[in-house]
Amino acid sequence: MKRIQDVLLAELHSLVSALGSKGGLMSPSVYDTAQVLLTLPPAEGGWPAVEWLLSQQHPDGGWGDPAMPLHRDIPTLAAVLALREYGRRQGTRAAIQEGVSFLRKQAALWASMARDDLPVGGEIVLPSLLNQLDAAGEMHIPRRPYGKLLEFGERKRQSVAKLPKVQGMPWNHVWEITGTEPEPWLIDGSGGLSHSPAATAAWVKAASGRPELEETAQRARGYLANAERACEMGIPGVTSTIYPFDRYEQLFSLYALQIAGVLKDPRLEGVVMPIVQELATALGPKGIAMSDHFLQDGDDTAAAVMLLHEFGYPVDLSVLYRFQNDNHFVAYAGELHPSPTVTARCIHALRVMGQDVAPFQRFLLDRQDADGRWTVDKWNRSWLYTTGHAAIALIGSPHVEALREAVEAVLVCQNRDGGWGTNGPSNLTETAYAVLMLAYLERQGFSHQGIPLALDRAFAWMLQNYRPFARPDTKVKCWIAKELYRVDRIDTLFELAAMLMLDQRKSRERGA
């Protein structure tokens with residue numbers, strides 16, 4: 001039987017060599033699939049995608065991952081609206097009625113909405129979908145509980161109105177809601193509109209019957225076909241919520257290897273170095289984006305700066321300071337609630353390059369919960385992900401007590417089986433988030449008597465539950481867009497990097 005290290009390295013080698021291929025690999029999206037069905041049904045017919053949508057409905061009548069209740073309204077509304085076009089079957093009608101009932105029950109939750117507890121673009125998308133539901137005559141949902149959301153949406157519209165209009169800008173990711181005129185400049189080099197299948201399908205529909213736009217529309221149709229292939233479902237119309245995202249996939253995956261301390265493992269050099277060289281070319285004076293056709297962002301840029309510095313490439317730090325906003329960093333200009341993990345990754349990059357990061361660490365400390373955790377982030381739902389990034393950003397600072405509280409919060413939440421899971425049973429992805437944080441702090445000299453045993457228990461659980469080359473449909477969704485999604489290569493790299501690191505740690509202990 002092969003040693004576990006050989007198995008892990010084989011899968012790592014295969015996975016790293018695939019990073020960025022097909023524009024990235026992502027779980028299928030209920031919301032975008034529903035919007036495509038509604039605006040631009042597949043030429044082969046919509047019923048296969050309808051059957052897939054129906055299969056995604058939960059017993060409570062809603063769609064979307066129950067891990068985050070407020071993130072379920074958008075996919076549920078979109079599914080209900082799309083299924084109305086296919087309501088001839090009794091089963092479809094029943095699904096619609098159950099979906100509407102779910103939404104009516106959900107409405108009260110929005111009265112206590114926190115500004116940070118929103119899907120991406122939710123303040124714009126959700127009110128519009130509610131209006132569409134009213135117009136469809138299915139059921140009126142009172143707007144009083146949505147007061148905070150509506151107010152926030154208006155502020156967001158005013159904020160983005162001041163931004164320059166360029167290709168690949170995040171604001172146009174909701175063009176299916178805000179757009180009217182299908183201007184050809186909106187379609188970027190990927191063939192899509194701001195990396196959104198839903199927005200691109202809406203643009204193609206708006207461009208129909210316009211001969212002068214036909215060539216651009218054909219490029220957009222090609223984009224939609226590519227976005228379908230990126231979720232590997234093989235069902236016409238079933239698509240991802242973002243496409244392409246090849247740079248994001250490459251950067252965050254290599255970052256996982258970096259914090260695990262295995263990035264420079266000579267056995268991975270043959271697949272890692274070509275990506276590093278590619279990213280060195282892709283990083284420009286404005287930073288780097290999730291693909292070469294989107295607006296540059298602070299999160300990907302921080303990961304790129306740190307990675308290239310690690311391999312000895314000269315990096316001008318002004319490219320990262322472009323994203324500074326007073327005492328924190330942003331992903332994109334115009335954000336109304338910044339992400340702690342973006343600031344944390346920027347701190348990490350700046351710290352390893354010898355910069356003063358004390359003011360930015362204070363920003364993180366101000367957002368630490370009383371129990372030691374960081375629980376809110378706009379890009380990832382798992383507090384283990386957010387807490388891990390914040391802790392890594394604070395290492396080496398005088399804030400030892402804050403670090404200790406974070407470590408103890410993670411340790412006390414370890415399940416009896418040895419894994420972690422913030423919503424339900426232990427899962428490999430969130431266990432990897434916790435393991436990478438604890439082991440990174442340990443390697444940096446942070447001492448806590450609970451860490452060694454916690455890592456040993458976690459390794460035993462991970463080995464017991466590891467299935468090489470397993471399909472992603474059994475795995476959790478932690479990333480936030482218009483709905484929760486999984487970037488399978490990134491999350492699997494976190495899992496594999498954590499296990500390889502733990503195996504090497506065991507080997508060192510045996511040799512000591």
Side-chain angles (χ1 to χ4, degrees), residues 20-46 48-49 52-53 78 81-82 85 120-121 124-125 128-129 132 160 164-249 289-295 481-483 485:
S21 63
K22 298 182 181 179
L25 178 61
M26 183 177 289
S27 58
S29 162
V30 168
Y31 172 80
D32 286 79
T33 296
Q35 290 286 20
V36 168
L37 268 177
L38 195 60
T39 58
L40 198 69
E44 304 92 328
W52 179 83
L53 274 182
L81 291 166
E85 302 299 313
V120 173
I124 303 298
V125 176
S128 175
L129 294 179
Q132 291 178 44
V160 299
K165 292 179 172 56
V166 296
Q167 279 187 341
M169 64 182 297
W171 170 244
N172 283 330
H173 196 70
V174 295
W175 196 89
E176 73 276 11
I177 301 298
T178 62
T180 53
E181 176 60 28
E183 299 172 276
W185 70 267
L186 289 165
I187 302 300
D188 60 40
S190 72
L193 200 166
S194 285
H195 290 33
S196 166
T200 304
W203 188 97
V204 173
K205 180 179 181 181
S208 63
R210 302 270 295 269
E212 74 278 14
L213 297 176
E214 183 56 31
E215 183 178 346
T216 308
Q218 285 303 318
R219 288 180 53 228
R221 289 179 182 275
Y223 162 91
L224 290 169
N226 289 334
E228 284 183 17
R229 286 192 284 271
C231 64
E232 294 189 335
M233 293 299 295
I235 304 172
V238 177
T239 189
S240 59
T241 195
I242 302 168
Y243 181 83
F245 47 93
D246 46 337
R247 300 299 184 210
Y248 162 37
E249 187 175 84
M290 65 172 155
S291 90
D292 292 340
H293 308 293
F294 205 70
L295 192 68
K482 294 170 184 170
E483 65 186 283
Y485 67 98

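Position 1 is the first residue of the sequence, and the numbers go up from there.
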Would you say Thr239 and Pro28 make side-chain contact, with heavy atoms under 4.5 Å?
no

Heavy atoms of Ile235 and Glu228 approach each other most closely as O-OE1, 4.0 Å

Any idea which heavy atoms bring Gly234 and Pro236 closest together, and the distance?
O-CD, 3.9 Å

Closest non-hydrogen atoms of Asn172 and Leu193, given as atom of the first, atom of the second and distance, are O-CD2, 3.3 Å

Are the side chain of Gln35 and the backbone of Ala201 linked by a donor-acceptor contact shorter than 3.5 Å?
no

Verify, without hydrogens or angle tests, whether Arg219 (side chain) and Asp188 (backbone) share a donor-acceptor contact under 3.5 angstrom.
yes

Of all pairs that satisfy side-chain hydrogen bond (donor to acceptor under 3.5 Å, both in side chains), the ones with a partner from residues 200-209, not counting sequence neighbours
none

Heavy-atom count check: over 12 atoms from other residues, nucleotides or ligands less than 6.0 Å from Arg221 CZ?
no

How long is the span from the CZ atom in Arg229 to the CG atom in Leu25, to the nearest 0.5 Å?
13.5 Å

Kindly say whether Val30 contributes a backbone atom to a donor-acceptor pair with the side chain of Glu483 at under 3.5 angstrom?
yes

Under a 4.0 Å threshold between the charged nitrogen and the carboxylate oxygen, would Lys482 count as salt-bridged to Glu176?
yes

How many angstroms lie between atom CG of Leu37 and atom CD of Glu85, to the nearest 0.5 angstrom?
9.5 Å

Going by heavy atoms in the side chains, are Asn226 and Lys22 under 4.5 Å from each other?
no

Spatial distance of atom CG (Asp32) from atom CG (Leu224) [nearest 0.5 Å]:
10.0 Å

Applying ring pair (Phe, Tyr, Trp, His ring centres under 6.0 Å) as the test, list every pair that has at least one member in residues 205-244; sequence neighbours left out.
Tyr223-Tyr243

Value rounded to 0.5 Å, distance of CH2 in Trp175 from CG in Leu186:
6.5 Å

To the nearest 0.5 Å, how far apart are CG in Leu213 and CD1 in Ile187?
9.5 Å

Do Asp246 and Ser291 have a side chain donor and acceptor closer than 3.5 Å?
no

Please assess Glu181 against Arg210 for the test salt bridge (Lys or Arg N to Asp or Glu O under 4.0 Å), listing each intermediate value before the final yes or no.
CA-CA 11 Å; Glu181 176 60 28; Arg210 302 270 295 269; 2.9 Å; yes

Look only at the side chain of Ser194 and the backbone of Ser196, and say whether a donor-acceptor pair between them is shorter than 3.5 Å.
no

Indicate the atoms forming the closest heavy-atom contact of Ala34 with Ala82, along with that distance.
O-CB, 3.4 Å

In terms of relative ring orientation, are Phe294 and His173 parallel, tilted or perpendicular, with 30° and 60° separating the classes?
perpendicular

Return yes when atom CD of Glu215 has more than 12 non-hydrogen atoms of other residues, nucleotides or ligands closer than 6.0 Å, and no otherwise.
no

Which heavy atom in Thr180 sits nearest to a heavy atom in Pro182, and how many Å separate them?
O-CD, 3.5 Å

Side chains of His195 and His293, heavy atoms from C-beta outward: is any pair under 4.5 Å?
yes

Closest contact, heavy atoms only, Ser190 versus Pro244
CB-CD, 3.7 Å

Nearest 0.5 Å, what's the CZ-CE distance between Phe245 and Met26?
3.5 Å

